[in-house]
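One structure is given here, and the rest of the page talks about it.
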There are 2 protein chains.
Amino acid sequence: MDELKAQAIFREQLKKYVDFNEAEWIVFAPYLSFVTLKKKKNFIEPGTVCKDVGFIVKGSVRYFHVKDGEEITGYFSFENEYVSSYKSFLTQTPSVHYIQALEDTDLITITQKNMQAMLANPMLGYKMERFGRLLAEHYLICYEDRVSSFITKTPEERYLDLLSISTGREILQRMPQHYIAHFLGITPVSLSRIRRRIMVESK
Amino acid sequence: MDELKAQAIFREQLKKYVDFNEAEWIVFAPYLSFVTLKKKKNFIEPGTVCKDVGFIVKGSVRYFHVKDGEEITGYFSFENEYVSSYKSFLTQTPSVHYIQALEDTDLITITQKNMQAMLANPMLGYKMERFGRLLAEHYLICYEDRVSSFITKTPEERYLDLLSISTGREILQRMPQHYIAHFLGITPVSLSRIRRRIMVESK
DNA sequence: CGAAAACGTTAACAAAAGATAAGGATTTGT
DNA sequence: ACAAATCCTTATCTTTTGTTAACGTTTTCG
């Protein structure tokens, strides 16, 4: 994957949020960086400030904490999604988790500094405000559903939900089961038991 | 509380996000509504589309689902905070929960229709994009922490966290304990046990 | 003011989840 | 290709939570 092709893919996906005309794109593009992350390399580590928001052109990443020496995976992002330790990026305070490439991953990234520069740029400011708004709103909606599921559902129900939605099936297919367990808020052993329970009940 | 005073309070708080000059405020203000909710009245009910985002001038609200006939409280908002079934408001799809006034509550509200009109208004569009961005980012950060706590912490740890932060103590002081239990993702009985455990251990 | 409803605690039991360890299958890396 | 590491399942035991019900207290509301 070369940088120009990555930019073209990003530009196409960006249209969901804002559509730049040629003149705007020429101003916009130099603010972008092209980054390649080898498998198992970190996009961000705890204690450091997240300087970039990334768009995944190819590959995938996982978010995880380390607690009592154990890695606890909380989230995943795939192709055509954005990736950042968003709180850290927005507030420029240290991240509390890792983000790690699950496979060789190509990203288009925007630094916080460039983001601020574009917001202050008369030619781009308006559309960048809109981009930032729609991006935050998109993740807000995901999180609202996620919090809601922790409040109102059992781990078993959360697992069944995952089976029933398309993005859930993508996660189930592409991720090892112990990542999914932590994503659901339980241990791998417990998820294995839940799966057995479901198998037996529906046999 | 009269409408003008409410608007003045809202305007002051709004400065955290955007600062309107006099000319802009004169255009902006007519898009606002002033709403009074009597205690126990609903701001939104499941199955209906949330048409407004509100700013709480006075009072407080709780968010809750009904599951198996039981009310499960997932969130609270207080003075100088915003309130909306945000996913429903943004996507104009039916809400899945109630939002109910915990006491007589005064709100400044903006309808989705007026929001769109302001975003399209050349005089207000830019600042409204910014307002929407910063508001969404603010809630995104809250949600990120909340999801993270469900993934990495036990109910007991979440309760101790609540004791240690100022907004948590406000919740603990103002809310009945069974609301807090559901907010933490557990039953009221279980929270009572956790509290006893903590009392005994720290005696 | 007084009856009814709502609240918090506790108890007893059932169900589920956590912790630890073992074993077999699969994958990884050199 | 082979040794090491990772992964999933299963078993056992402990801890925690859920469920239901009872009881005394406090709050609400007509």
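Per chain, numbering begins at 1; letters A, B, ... match sequence-line order.
- Note on B/Ser190: a side-chain N or O is less than 4.0 Å away from OP1 or OP2 of D/dG18.
- Residue pairs satisfying the ring-ring contact (aromatic ring centres under 6.0 Å, His included) criterion with at least one member in residues 79-121 of chain B, sequence neighbours excluded, are listed as follows: B/Phe55-B/Tyr82, B/Tyr63-B/His97, B/Phe64-B/Tyr98, B/His65-B/His97, B/Tyr82-B/Phe131.
- Distance, B/Ile186 CD1 to D/dT15 P: 19 Å, rounded to whole Å.
- Residues of residues 158-165 of chain A that place a heavy atom closer than 4.0 Å to DNA chain D do not occur.
- Protein atom CD of A/Glu157 is 11 Å distant from nucleotide atom P of C/dA16, rounded to whole Å.
- Here the C1' atom of nucleotide C/dT20 and the CD atom of A/Glu70 are 12 Å apart, to the nearest Å.
- A/His182 has its NE2 atom 14 Å from the C1' atom of D/dT6, to the nearest Å.
- Rounded to a whole Å, the CG atom of A/Leu184 is 11 Å from the P atom of C/dG18.
- The number of heavy-atom neighbours closer than 6.0 Å to CZ of B/Arg196, taken from other residues, nucleotides and ligands shown, is 12 or below.
- Using a 4.0 Å cut-off, some side-chain N or O of B/Arg197 falls inside it from OP1 or OP2 of D/dT17.
- Residues A/Gly185 and A/Lys39 both approach DNA chain C. Their nearest nucleotides, taken by heavy-atom distance, put A/Gly185 toward the 5′ side.
- A salt bridge does not link A/Asp104 with A/Lys39: none of the charged nitrogens is closer than 4.0 Å to a carboxylate oxygen.
- Salt-bridge formation is detected for the pair A/Lys67/B/Glu157: a Lys NZ or Arg NE/NH1/NH2 atom is positioned less than 4.0 Å from an Asp or Glu carboxylate oxygen.
- For the side-chain hydrogen bond (donor to acceptor under 3.5 Å, both in side chains) condition, the pairs that include at least one residue of residues 126-136 of chain B, sequence neighbours left out, are A/Glu129-B/Arg130, A/Glu129-B/Arg133, A/Arg130-B/Glu129, A/Arg133-B/Glu129, B/Glu24-B/Lys127, B/Arg133-B/Glu137.
- What separates CD of A/Glu71 from P of D/dA5 is a distance of 16 Å, to the nearest Å.
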Name the pairs: protein N/O against N/O of nucleotides 4-9 of chain C, kept only if under 3.5 Å.
from	atom 1	to	atom 2	distance (Å)
C/dC7	OP2	B/His178	NE2	3.2
C/dG8	OP1	B/Gln177	N	2.8
C/dG8	OP2	B/Gln177	N	3.4
C/dG8	OP2	B/His178	N	3.2
C/dG8	OP2	B/His178	ND1	3.0
C/dT9	OP1	B/Arg195	NH2	3.4
C/dT9	OP2	B/Gln177	OE1	3.4
C/dT9	OP2	B/Gln177	NE2	2.5
C/dT9	OP2	B/Ser192	OG	3.2
C/dT9	O5'	B/Ser192	OG	3.3

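- Considering OH of B/Tyr75 and OH of B/Tyr139, their distance stands at 6.0 Å, rounded to 0.5 Å.
- Residue-environment remark: NZ (A/Lys15) exceeds the threshold of 12 foreign heavy atoms within 6.0 Å.
- Between A/Met199 atom CE and D/dT10 atom C1' there is a gap of 14 Å when expressed in whole angstrom units.
- Residues satisfying the side chain to side chain donor-acceptor pair (under 3.5 Å) test with A/Gln7, not counting sequence neighbours, are none.
- Whole-Å rounding puts the B/Ile194 CD1 to D/dT15 C1' distance at 12 Å.
- Residue pairs meeting the ring-ring contact (aromatic ring centres under 6.0 Å, His included) criterion with at least one partner in residues 148-171 of chain A, sequence neighbours excluded, are A/Phe150-B/Phe150.
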